[in-house]
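Take a look at the structure below.
Reckoned from all heavy atoms, side chains included, excluding hydrogens, waters and symmetry mates.
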Amino acid sequence: MIYLGIESSCDETAAAVVEERGGRLYVRSNIVASQIETHRLYGGVVPEIASRAHTEAISRVVREALTEAEITPADLSAVGVTAHPGLIGALLVGVNFAKGFAAAYDLPLVPVDHIRAHIAAAYVTGDTGEMPQPPFLALAVSGGHTSLYAVDEDRNFTPVCATRDDAIGESFDKIGRMIGIPYPAGAGFDHLAAEGFIRATGESDVRVAYRRFPKCAAYKSRVYDLPSPALEDGTADFSFSGLKTAAINLLHRFEQTGAEFDRAVFAAAYTYRAVEAVARQVGRMLEKYPSRALVVAGGVAANSHLRARLAEVCAAANVALHIPPLSLCGDNGVMVAAEAYFAYLAGVCAGDDLNASAADGI
Ligand code: KG4
Ligand code: ZN
């Protein structure tokens, strides 16, 4: 069984071919046309520009995915496409292209949820890796999501908790922009924070530095101290707007007083609070929901500090941790093709009246 996956929900036009053999999933091709350079000029994604760029790129990206996989459309079993959630104009480009493609080659059309697709990337293990065993918890951390789901044997997703306001990736992007990291700021923030952990503690190993960070002078003096984003009302949700506002106030204070500002230590302080909030919540939920594994996906799953902390949380809870390789953490077509495989097996197939939706679909 060979699946084509098409993704256009945000700022990457992506297509990929994934092959299923004996219940394992293999990447045959993975083409991503990123629009980041275009949106960087504006400090964030401009929806209208995104839609136009998807329209320009999509035919080429799909053609390249088929060529690199050395297949023709006749070899495909189905076409998967991200139908929700995302920017509506951007989603419509992929959905309409997929509808035309499926009709032209008489293929089943499988609408896919973007968040489920991010999680499905963890199943694309090739010959070597272990596939996640349900029941498991799935953490989606991206520019638009900070959500935890309980996933059962039938791949039903039950929402456990979600952010009430900003997503963690969005908060990295916004605060990163304020300290001069170009959009999208996540990866730059990650590196800068590593530098900050090391500088603030004097430790050479970044993981040791992270652990020692709350005890270091720069932090204990409260100059770079930020509030924990944990909600005190007993609910399981996340919230990043309070942390973000406190960070903005801290930056303003530095600006007003003209005090010497160490942006790396600041990035470390912000990262520490954001990562600890997620790690603590995941730890609690692993106790509450009997799970064999934690699957982490979405662009922020690339964050080295979050990855390391979640590895500790999973080890303490005695559950397996599955994080897709860096190449499959951001938006891509492989995850869409993988989710299309599971959805198609479960009988999901759309007619030619398929529409896109900006709203969450899980
Ligand atoms: O999943 P994704 O590619 O697109 C969405 O569906 O949102 O995630 C993009 C987000 C951006 O906010 C980006 O800054 C963040 O993922 N990101 C990171 C890292 N790499 C990308 N955030 C933290 N650390 C990283 N290393
Ligand atoms: Zn995404």
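Side chain of E170 to backbone of A167: a donor-acceptor contact under 3.5 angstrom is found. In this structure, H305 contributes its side chain and D190 its backbone to a donor-acceptor pair below 3.5 Å. The closest donor-acceptor contact from the side chain of D165 to the backbone of F240 lies under 3.5 Å. With hydrogens and angles ignored, the 3.5 Å screen pairs no side-chain donor or acceptor of Q133 with any backbone N or O of P135.
Under a cut-off of 6.0 angstrom, the local environment of CZ in R24 is crowded, with over 12 non-hydrogen atoms contributed by other residues, nucleotides or ligands.
A salt bridge does not link E287 to R284: none of the charged nitrogens lies less than 4.0 Å from a carboxylate oxygen. Under the 4.0 Å criterion applied to side-chain N and carboxylate O atoms, R309 and E276 are assigned as salt-bridge partners. Checked for salt-bridge contact, E312 and R307 miss the test: no charged N lies under 4.0 Å from a carboxylate O. We find that D113 and R116 are not joined by a salt bridge, their nearest charged nitrogen and carboxylate oxygen being 4.0 Å or further apart. Residues K220 and D225 are not paired through a salt bridge, judged by the lack of any N-O separation under 4.0 Å between the basic side chain and the carboxylate. A salt bridge between E255 and R253 is absent, with no side-chain N of the basic residue lying under 4.0 Å from a carboxylate O of the acidic one. Taking the charged nitrogens against the carboxylate oxygens, R52 and E56 have no contact shorter than 4.0 Å, which rules out a salt bridge.
Two residues are said to be in side-chain contact when any heavy atoms from C-beta on lie closer than 4.5 Å; Y344 and Y3 meet this criterion.
Distance check, rounded to the nearest 0.5 Å: CD1 of I6 to CG of N96 gives 11.0 Å. One distance of note links OH of Y123 with OH of Y341; it measures 10.5 Å at 0.5 Å rounding.
Remark: aromatic rings of F254 and F266 are distant, center separation not under 6.0 Å. For F213 and F197, the distance between ring centers is under 6.0 angstrom.
Pairing each heavy atom of A337 with each of L4, the nearest pair is CB-C, 4.1 Å.
The same ILVMFWY cluster, assembled from side-chain heavy atoms under 4.5 Å apart, contains both M131 and L345.
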Name the atoms and distances for all side-chain donor-acceptor pairs under 3.5 Å in residues 348-362, with sequence neighbours left out.
| unit_1 | atom_1 | unit_2 | atom_2 | d |
| --- | --- | --- | --- | --- |
| S357 | OG | A359 | N | 3.2 |
| D360 | OD1 | H145 | NE2 | 2.9 |
| D360 | OD2 | H145 | NE2 | 3.4 |

